[in-house]
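What follows is a single structure, written as structure tokens, with notes after it.
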Amino acid sequence: MEQETINKAESVREARIQKLTELVEMGINPYPYTFDKTAGAQELQEKYKELEAGGETEDIYSVAGRIMGMRNSGMFIDLMDSTGKIQIFSHKENLSEEKMKLLKLLDVGDMIGVTGTIRRTPRGELTIKSKDIKILAKSLQQLPEKFHGLTDKETRYRQRYLDMIMNKDVRDTFVKRSKIIREIREYLTNLGFLEVETPMLQTIAGGASARPFVTHHNALDMDMYLRIAPELYLKRLIVGGASERVFEINRSFRNEGIDLKHNPEFTMLELYQAYVDYNDMMVLLENMVSTVAQKVLGTMKINYQGNEIDLTPPWDRMTMLGAIKQYAGIDFSDKITVEEAKLEAKKIGIDADDCENWGKVLDRIFEEKVEPHLIQPVHIIDYPKDISPLAKPHRDNSRLTERFESRVNGWEIANAFSELSDPIDQRHRFELQMQAKAQGDEEAQEIDEDYINALEYGMPPTGGLGLGIDRLVMLLTDSASIRDVIAFPTMRNIKK
RNA sequence: GGGCUUGUAGCGCAGCUGGUAGCGCAGUUGACUCUUAAUCAAUUGGUCGUGGGUUCGAAUCCCACCAAGCCCA
């Protein structure tokens, strides 16, 4: 019993709670309300860049942040804030007895605020000579080791706050993510696009081919779906006409597997513009993405995992059939039945027997034989009609649609069409989807009567575009996994 | 869904063909007081992912499960 008490008291957390108690006994609130911060660490580093080693000033600042290191029994503290680091020097000549006592109760990890004068030590470190120290939050948890840091991926994803404390590049990634989204928003707003919001809870999960999450509304006693895409609602807004240009930066949800490029909830940009077609969408996309890269990174040439990728417009365009012909050696322009297509797939070692239609066979061949070759940005244009139920038929080829997918590093980063606006054709396409669903295609889309009804009032010619924000952020931050660009990625629950 | 790899102290890691669980950092106590991965001395801390099995004896071998990573579909 006695032994147990001693062991407990010696645990780090218990020891820190003990210090917490001592602070309270000294009349200090370890979790105060405000701190009047007057400068950031990086700001001071730049401002006093020219101050020579050993130089002293009378300039007083108040800084605040987390203690990342302590040397000489607290005489030197490394203080980190969101902008950078600055050293704190504390000496009994400059501090009251009470503050020296407080210093003894501080630990690595604590949040503190310091007021003092700027100097540079003889060894060359910009330092604040403290005249006053306040504790802003007592940390009860021990930070990971300073030299090797936190590297365990599971801990980093599950406790992102700790990952961020320890890894500056992680903080940088999320700052960049925010800038990327801000620049997209600004780019579109400047073009006259109206930012809108549409339902995340939907009674029909439409606008894409994916399995939805199902939930239940108690008061209405009905099942609902988390949206897999905002598409059908955004086009209703184009019908409504409050703006001829709308966009939504949306969180969507797909009940599918998790891998390097997929998270069950993800962020997408969807935009719709009246009176234009998919050609205009290609131009808009490549201009927007390259501009965002230029503004956030200062360049249109990015390096992703060792590959140099040039986002400078215009991007190459290849038809899907042309790309397959080039990389898989099959010309599908005269092989028009699903049986013929499967036969051709088999000849090059691809099993497409489970594909319900011609387009799916082509899509599979594309993924396996073409995609690995596509590193530089390219618009793959003119997708098969049977896998594009929301796209307008191609004006020159009724088997195809005016749809493109933009590829960067081989990944689909955008998907866009000349939007199908003919309500009768749209109904027919939905019916084909329902047939596929009946035959076991779990991703086939359901008929959305109200959407067709909206089209029956007349939707102008419209170009639409969806852009995967997470993947764009991966590319622009050189992140290997989508989990590195989503602050709190979906993780399996740990059963205890 | 399949394969491979990983899981040992708060963190980073070692632990061989089975024989009393270790190192570094962090922590604690003290020294030192212009250091910066501070230094020096002493020192605390473990359900070895979980559950079974084999064995006189399991971190180590076997099985199942849990979690993660990578590759493949």
Side-chain angles (χ1 to χ4, degrees), chain A residues 3-19 22 41 45 53-56 66-80 84-95 100 103-110 116 119-130 139-163 165-167 211 256-263 305 345 349-355 363-365 367-368 371-372 442 480-484 489-496:
Chain A
Q3 187 62 38
E4 196 179 321
T5 313
I6 289 165
N7 285 341
K8 267 190 177 174
E10 281 171 357
S11 80
V12 169
R13 189 163 175 278
E14 292 297 320
R16 292 193 175 192
I17 286 174
Q18 181 58 40
K19 290 177 183 175
E22 288 181 43
Q45 295 285 2
E56 298 263 354
R66 190 180 301 277
I67 298 176
M68 296 304 288
M70 288 206 279
R71 290 175 294 282
N72 290 45
S73 312
M75 179 182 250
F76 295 97
I77 289 172
D78 286 333
L79 191 72
M80 180 178 78
K85 276 190 178 182
I86 192 160
Q87 181 170 265
I88 308 299
F89 173 69
S90 299
H91 199 277
K92 54 177 181 279
E93 285 176 14
N94 314 302
L95 279 174
M100 287 305 288
L103 195 62
K104 275 202 153 60
L105 296 172
L106 295 180
D107 290 293
V108 170
D110 288 354
R119 60 179 291 231
R120 191 176 292 280
T121 63
R123 301 259 182 128
E125 188 73 35
L126 192 72
T127 301
I128 292 188
K129 188 159 82 180
S130 61
S139 167
L140 304 182
Q141 296 286 347
Q142 201 175 2
L143 289 181
E145 188 225 341
K146 62 191 162 218
F147 190 54
H148 297 92
L150 178 69
T151 58
D152 181 70
K153 284 199 173 178
E154 184 170 357
T155 309
R156 293 179 53 195
Y157 294 147
R158 288 190 191 275
Q159 296 176 248
R160 183 70 86 183
Y161 41 90
L162 190 57
D163 188 23
I165 289 170
M166 299 308 296
N167 297 309
R211 294 178 63 180
E256 293 167 353
I258 296 174
D259 64 30
L260 286 180
K261 287 187 294 179
H262 295 87
N263 195 65
Q305 309 284 297
I350 294 173
D351 179 11
D353 286 349
D354 57 318
C355 290
D363 204 31
R364 184 165 299 176
I365 293 169
E367 266 179 42
E368 292 198 21
E371 201 174 275
E442 288 186 337
S481 167
I482 195 168
R483 294 183 148 190
D484 296 327
T490 305
M491 299 292 283
R492 213 182 280 265
N493 196 22
I494 302 176
K495 294 171 197 128
K496 288 227 166 169

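Lettering follows sequence order; numbering is per chain, from 1.
- Using P as the reference atom, B/rG45 and B/rG24 are 16 Å apart when rounded to the nearest Å.
- In this model, a donor atom of one side chain and an acceptor atom of the other lie less than 3.5 Å apart for A/Asp259 and A/His262.
- Remark: the separation of the P atoms in B/rC16 and B/rA21 is 13 Å, to the nearest Å.
- Between A/Arg364 and A/Glu368 no salt bridge is recorded (no basic side-chain N to carboxylate O distance below 4.0 Å).
- For A/Lys19 and B/rU28, the shortest distance from a side-chain N or O to OP1 or OP2 is below 4.0 Å.
- Put simply, A/Lys146 has no side-chain N or O that comes within less than 4.0 Å of OP1 or OP2 on B/rG24.
- At the heavy-atom level, A/Gly257 lies nowhere under 4.0 Å from the strands shown.
- Considering only side-chain atoms of A/Leu260, the nucleotide from B/rA38, B/rG27, B/rC70 that sits closest is B/rC70.
- For the C1' atoms, the distance linking B/rU8 with B/rG2 amounts to 29 Å, nearest Å.
- Electrostatic pairing of A/Lys146 and A/Asp78 does not count as a salt bridge here, judged by no charged N lying under 4.0 Å from a carboxylate O.
- Checking B/rA26, B/rA31, B/rG69 against every side-chain atom of A/Ser73, the shortest atom distance belongs to B/rA31.
- Ranking B/rA67, B/rC34, B/rG12 by closeness to the A/Arg492 side chain, first place goes to B/rA67.
- Under a 4.0 Å N-O distance rule, the pair A/Lys129/A/Glu56 qualifies as a salt bridge.
- When heavy atoms are screened at a 4.0 angstrom cut-off, A/Phe89 is found touching base atoms of the nucleic acid.
- Spacing between B/rU54 and B/rC71 at atom C1', rounded to whole Å, works out to 33 Å.
- In this model, no side-chain donor or acceptor of A/Glu145 finds a partner on the base of B/rA26 within 3.5 Å.
- Comparing B/rA38, B/rC34, B/rG27 by their closest approach to the side chain of A/Phe76 singles out B/rC34.
- Rounded to whole Å, the separation between the P atoms of B/rC65 and B/rC40 comes to 49 Å.
- For B/rG69, the OP1/OP2 oxygens have a side-chain nitrogen or oxygen of A/Arg483 closer than 4.0 Å.
- OP1 or OP2 of B/rA68 has at least one side-chain nitrogen or oxygen of A/Arg158 nearer than 4.0 Å.
- Contact between A/Arg156 and A/Asn167 at its shortest, heavy atoms only, is NE-ND2, 3.7 Å.
- With P as the reference atom, B/rC11 and B/rG27 are 15 Å apart, rounded to whole Å.
- Contact annotation for A/Thr127: no contact, since no heavy-atom pair falls under 4.0 Å across all strands.
- Shown here, B/rU17 forms no base pair; nothing in the strands shown gives a Watson-Crick or G-U wobble contact with both key distances under 3.5 Å.
- Comparing B/rA9 with B/rG51, their C1' atoms sit 23 Å apart, to the nearest whole Å.
- Residue A/Arg119 places a side-chain atom within donor-acceptor reach of the base of B/rC34, judged by atom type and a 3.5 Å distance cut-off alone.
- Residue contacts for A/Met166: at a heavy-atom cut-off of 4.0 Å it reaches no nucleic acid atom on any strand shown.
- Classification of A/Arg66 and A/Asp110 as a salt-bridged pair fails, no side-chain N sitting under 4.0 Å from a carboxylate O.
- The side chain of A/Pro122 approaches B/rC34 more closely than any other nucleotide in the set B/rC34, B/rA68, B/rG10.
- Nearest to the side chain of A/Lys153, among B/rC71, B/rG69, B/rC34, sits B/rG69.
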